[in-house]
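All values below come from the heavy atoms of this structure, side chains included, with hydrogens, waters and symmetry mates left out. Proteins come first, then strands; the chains are lettered A, B, ... in the order of their sequence lines, and each starts at number 1.
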Protein chains: 2
Amino acid sequence: MQIGELARQTGCEVETIRYYEREGLLPAPARSASGYRRYEPGHVEQLNFIRHCRSLGMSLADIRQLADYHRHPAPEPCDRVNALIDDQIRRVHSQIETLQQLERQLLALRGRCHSPHTLADCGILKTLEDASSGEPCACHPPATGKKIAG
Amino acid sequence: MQIGELARQTGCEVETIRYYEREGLLPAPARSASGYRRYEPGHVEQLNFIRHCRSLGMSLADIRQLADYHRHPAPEPCDRVNALIDDQIRRVHSQIETLQQLERQLLALRGRCHSPHTLADCGILKTLEDASSGEPCACHPPATGKKIAG
DNA sequence: GCACACCCTGTAGCTACTATAGGGTCAAGC
DNA sequence: GCTTGACCCTATAGTAGCTACAGGGTGTGC
Ligand SMILES: [Zn+2]
Ligand SMILES: [Zn+2]
Ligand SMILES: [Zn+2]
Ligand SMILES: [Zn+2]
């Protein structure tokens with residue numbers, strides 16, 4: 001099949017398929033006399049594997065590793081597969097916590113402006129301005145017991 | 001003061017300061033005879049403003065807008081400031097939800113491998129492989145609720 | 001006259017694509 | 001044979017927000 005058909009079957013853009021080939025994630029297929037890529041059914045599965053892992057937020061480097069383990073299922077223990085997934089879980093979890101803190105900070109900042117008023121009087125702009133001069137702000141409250149050096 | 005001193009006072013890298021200047025976020029300062037940038041105290045505040053907004057996850061485009069409102073505090077209502085912050089909150093919130101779903105999916109996948117075994121027998125690799133062939137997987141259940149489309 | 005810290009510009013790298021520009025191939029229809 | 005249109009090719013540049021050089025110039029102390 002041609003690249004367009006592979007794209008259709010996997011829901012992956014043609015450009016992305018070529019990109020994966022350049023990056024060494026998808027093996028280069030045979031070529032027709034005129035240079036068109038000719039894919040086999042196995043390529044559909046390999047590309048699905050990549051897209052499935054991507055949908056789990058894995059990096060291309062991690063997917064390369066996983067695909068390698070998959071292609072060469074050695075009789076070794078699967079520790080490294082587990083470690084890879086565990087690392088990904090930790091990364092995602094810490095991103096969640098970072099974003100949750102960010103959300104709290106943004107809500108605190110947003111709380112400084114309620115009633116309609118002008119730009120010159122806006123509590124949000126005033127908070128940002130004061131914080132630029134080193135004053136404490138609603139969004140970044142000082143840590144417990146410790147004062148922010150300034 | 002020179003750029004290194006500004007960097008020290010704001011905790012911002014020298015390269016980043018030059019980058020902000022190129023991007024039009026920080027006004028270009030005066031230059032010494034030998035071409036060194038010479039910053040005024042006002043620059044410290046402006047850079048702090050940028051870094052403070054960055055720490056809230058705002059994009060440079062949004063910060064440019066905010067800084068503009070801040071420098072020209074017109075007697076207009078502050079609707080657009082609020083809209084900007086609200087958009088940011090929405091973005092952060094939807095990122096959190098996306099990542100939380102990702103975490104659930106990764107934990108489900110991780111649950112396919114418990115006891116020590118080989119790569120050839122690993123439930124994680126097997127799940128990923130089966131999903132590549134179109135079979136249902138632990139990480140992407142067919143429907144969120146009880147109802148299954150049919 | 002030299003060491004060393006600091007400064008300058010310009011460019012390339014990072015992630016995972018996406019979007020062109022500028023061309024070649026192939027089947028159908030006239 | 002010729003044209004149209006869908007498809008394919010490579011190569012390059014762009015996205016966000018920095019970061020890291022390379023290759024040079026400047027300023028001060030000894
Ligand atoms: Zn307001
Ligand atoms: Zn704050
Ligand atoms: Zn396992
Ligand atoms: Zn899945």
Side-chain angles (χ1 to χ4, degrees), chain A residues 1-26 28-39 43 46-67 84 87-88 91-92 95 98-99 102, chain B residues 1-26 28-39 43 46-67 84 87-88 91-92 95 98-99 102:
Chain A
M1 89 192 70
Q2 291 189 163
I3 197 169
E5 179 59 22
L6 177 61
R8 236 166 277 125
Q9 285 192 27
T10 57
C12 183
E13 300 254 350
V14 165
E15 320 280 354
T16 306
I17 296 173
R18 288 198 277 248
Y19 171 69
Y20 288 158
E21 181 182 326
R22 277 201 304 280
E23 293 296 304
L25 274 141
L26 201 58
R31 297 282 184 134
S32 75
S34 55
Y36 288 17
R37 290 171 178 81
R38 279 193 322 204
Y39 292 97
H43 282 106
Q46 291 187 66
L47 184 49
N48 276 337
F49 185 95
I50 296 170
R51 296 305 290 173
H52 190 240
C53 290
R54 281 294 298 135
S55 84
L56 292 169
M58 296 183 202
S59 70
L60 297 190
D62 280 358
I63 296 171
R64 224 187 313 262
Q65 270 293 334
L66 272 183
L84 198 149
D87 280 356
Q88 176 68 6
R91 266 194 301 273
V92 168
Q95 279 180 40
T98 300
L99 286 172
L102 222 55
Chain B
M1 87 193 74
Q2 292 187 166
I3 196 169
E5 178 60 21
L6 177 60
R8 237 165 277 126
Q9 284 192 28
T10 56
C12 183
E13 301 255 350
V14 166
E15 319 279 356
T16 306
I17 296 172
R18 287 197 277 247
Y19 172 70
Y20 288 158
E21 181 182 326
R22 276 202 304 281
E23 293 297 305
L25 274 141
L26 202 57
R31 297 283 183 133
S32 75
S34 56
Y36 288 16
R37 289 171 178 82
R38 279 191 323 203
Y39 292 97
H43 283 106
Q46 291 186 68
L47 185 47
N48 276 335
F49 185 94
I50 296 170
R51 296 305 291 171
H52 189 241
C53 291
R54 282 294 298 136
S55 85
L56 292 170
M58 296 182 203
S59 70
L60 297 189
D62 280 358
I63 297 171
R64 223 186 313 261
Q65 269 294 333
L66 273 182
L84 197 150
D87 279 354
Q88 177 68 5
R91 267 194 301 271
V92 169
Q95 279 179 40
T98 301
L99 286 171
L102 223 55

How is [X] classified with respect to the nucleic acid when contacts are heavy atoms under 4.0 Å: base, sugar-phosphate, or nothing?
X      : value
E23(B) : nothing
R64(B) : nothing
R38(A) : nothing
R18(A) : base

Output the rounded distance in Å from [atom1] ([X]) to [atom2] ([N]).
X      : N       : atom1 : atom2 : value
I63(B) : dA16(D) : CD1   : P     : 13 Å
R37(A) : dC8(D)  : CZ    : P     : 10 Å
E5(B)  : dC7(C)  : CD    : C1'   : 14 Å
M58(B) : dC18(D) : CE    : P     : 14 Å

Decide yes or no for [X] and [Y]: does some side-chain heavy atom of the first lie under 4.5 Å from some side-chain heavy atom of the second?
X      : Y      : answer
Q88(A) : L56(A) : no
Y19(A) : L60(A) : yes
Y36(A) : I3(A)  : no

- Message: Please compare A61(B) and S34(B) by the position of their nearest nucleotide in DNA chain D and report the one closer to 5'.
- Response: A61(B)

- If each of S32(B) and R22(A) is mapped to the nucleotide of DNA chain D with the nearest heavy atom, which maps nearer the 5' terminus, i.e. the 5' end?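 Its nucleotide being nearer the 5' end, the pick is R22(A).
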
- Mind running salt bridge (charged side-chain N to carboxylate O under 4.0 Å, His left out) on R18(B) and E21(B) for me, showing each step along the way? CA-CA 5 Å; R18(B) 287 197 277 247; E21(B) 181 182 326; over 6 Å; no

- Message: From the set dA16(C), dC7(D), dG17(D), return the single nucleotide nearest to any side-chain atom of Y19(B).
- Response: dG17(D)

- Message: Looking only at the side chain of S59(A) (C-beta and beyond, no hydrogens), which of the listed nucleotides dC8(D), dA16(C), dC17(C) gets closest?
- Response: dA16(C)

- Message: Should the side chain of Y36(A) and the base of dG24(C) be counted as holding a donor-acceptor pair, with the cut-off at 3.5 Å?
- Response: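 Pair found.
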
